[in-house]
Amino acid sequence: LEHARIWYFYHGGDELYFVSSADWMRRNLYRRIECAAPIVDPKLKKLLHGILELGMADTVKAVYLDEHLNNVPKQDGRPNLRAQKELYNLLGDFVKP
């Protein structure tokens with residue numbers, strides 16, 4: 001996928017994961033045909049969960065949007081963690097026999 005997306009839903013104790021190339025922009029929802037695939041394999045769900053956790057934990061490249069939609073660097077005092085670099089490690093561990 002050119003721009004992979006992970007969709008995560010949690011409700012009543014159920015965790016649902018989907019992968020898709022579509023983001024939820026108006027043009028994708030109304031002027032294109034997009035699809036998403038559910039992930040049912042527990043091992044893949046665990047991998048996707050790890051990827052999402054890394055994205056949320058990033059303290060090097062991550063930004064917040066302020067009330068004016070400006071990117072504000074995420075600085076919360078935690079040690080530096082660059083999600084992209086750590087993702088390589090996570091995927092390397094995932095594909096090892």
Side-chain angles (χ1 to χ4, degrees):
L1 301 174
E2 180 184 1
H3 298 288
R5 307 284 192 264
I6 300 170
W7 296 351
Y8 172 77
F9 300 93
Y10 182 87
H11 177 71
D14 293 328
E15 293 183 305
L16 301 175
Y17 291 87
F18 296 83
V19 291
S20 175
S21 62
D23 55 21
W24 287 6
M25 297 179 71
R26 185 175 196 83
R27 68 171 183 254
N28 293 337
L29 296 173
Y30 296 104
R31 297 194 316 254
R32 296 182 180 174
I33 297 173
E34 301 280 0
C35 66
I39 302 301
V40 296
D41 181 275
K43 186 176 178 183
L44 291 177
K45 285 182 177 185
K46 184 176 179 179
L47 173 65
L48 294 179
H49 185 81
I51 291 170
L52 291 174
E53 282 187 332
L54 281 176
M56 297 300 288
D58 192 309
T59 56
V60 175
K61 293 288 189 176
V63 296
Y64 293 113
L65 289 177
D66 69 11
E67 66 274 8
H68 304 290
L69 300 180
N70 296 312
N71 291 327
V72 178
K74 181 179 176 182
Q75 298 173 337
D76 58 9
R78 290 183 290 159
N80 285 349
L81 184 143
R82 185 170 179 188
Q84 184 177 8
K85 181 179 176 184
E86 295 303 320
L87 181 57
Y88 295 133
N89 296 331
L90 179 70
L91 295 175
D93 292 341
F94 181 76
V95 298
K96 286 182 183 174

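The first residue of the sequence shown is numbered 1, and numbering continues consecutively from there. These figures come from a predicted structure and were not determined experimentally.
- Side-chain contacts under 4.5 Å among hydrophobic residues (ILVMFWY), followed directly or transitively, place Leu69 together with Leu65.
- The closest donor-acceptor contact from the side chain of Ser20 to the backbone of Arg5 lies at 3.5 Å or more, if one exists at all.
- In this structure, the side-chain contact (heavy atoms from CB on, under 4.5 Å) partners of Asn89, at least two apart in sequence or on a different chain, are Glu86.
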Which atom pairs, one a donor and one an acceptor, fall under 3.5 Å between side chains of residues 7-14 and the rest of the protein, sequence neighbours left out?
| unit_1 | atom_1 | unit_2 | atom_2 | d |
| --- | --- | --- | --- | --- |
| Tyr8 | OH | Glu15 | OE2 | 2.6 |

Practice task
Tell me, with the steps shown, if Asp66 and Tyr64 meet side-chain contact (heavy atoms from CB on, under 4.5 Å).
Solution key: CA-CA 6 Å; Asp66 69 11; Tyr64 293 113; over 6 Å; no
Under 3.5 Å donor-acceptor pairs involving side-chain atoms of residues 46-60, not counting sequence neighbours:
| unit_1 | atom_1 | unit_2 | atom_2 | d |
| --- | --- | --- | --- | --- |
| His49 | ND1 | Tyr17 | OH | 3.0 |
| His49 | NE2 | Glu53 | OE2 | 3.1 |
| Asp58 | OD1 | Val60 | N | 2.7 |
| Asp58 | OD1 | Lys61 | N | 2.7 |
| Asp58 | OD1 | Ala62 | N | 3.2 |
| Asp58 | OD2 | Ala83 | N | 2.9 |
| Thr59 | OG1 | Pro79 | O | 2.9 |
| Thr59 | OG1 | Leu81 | N | 2.8 |

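- The shortest distance between side-chain heavy atoms of Phe18 and Leu16 falls below 4.5 Å.
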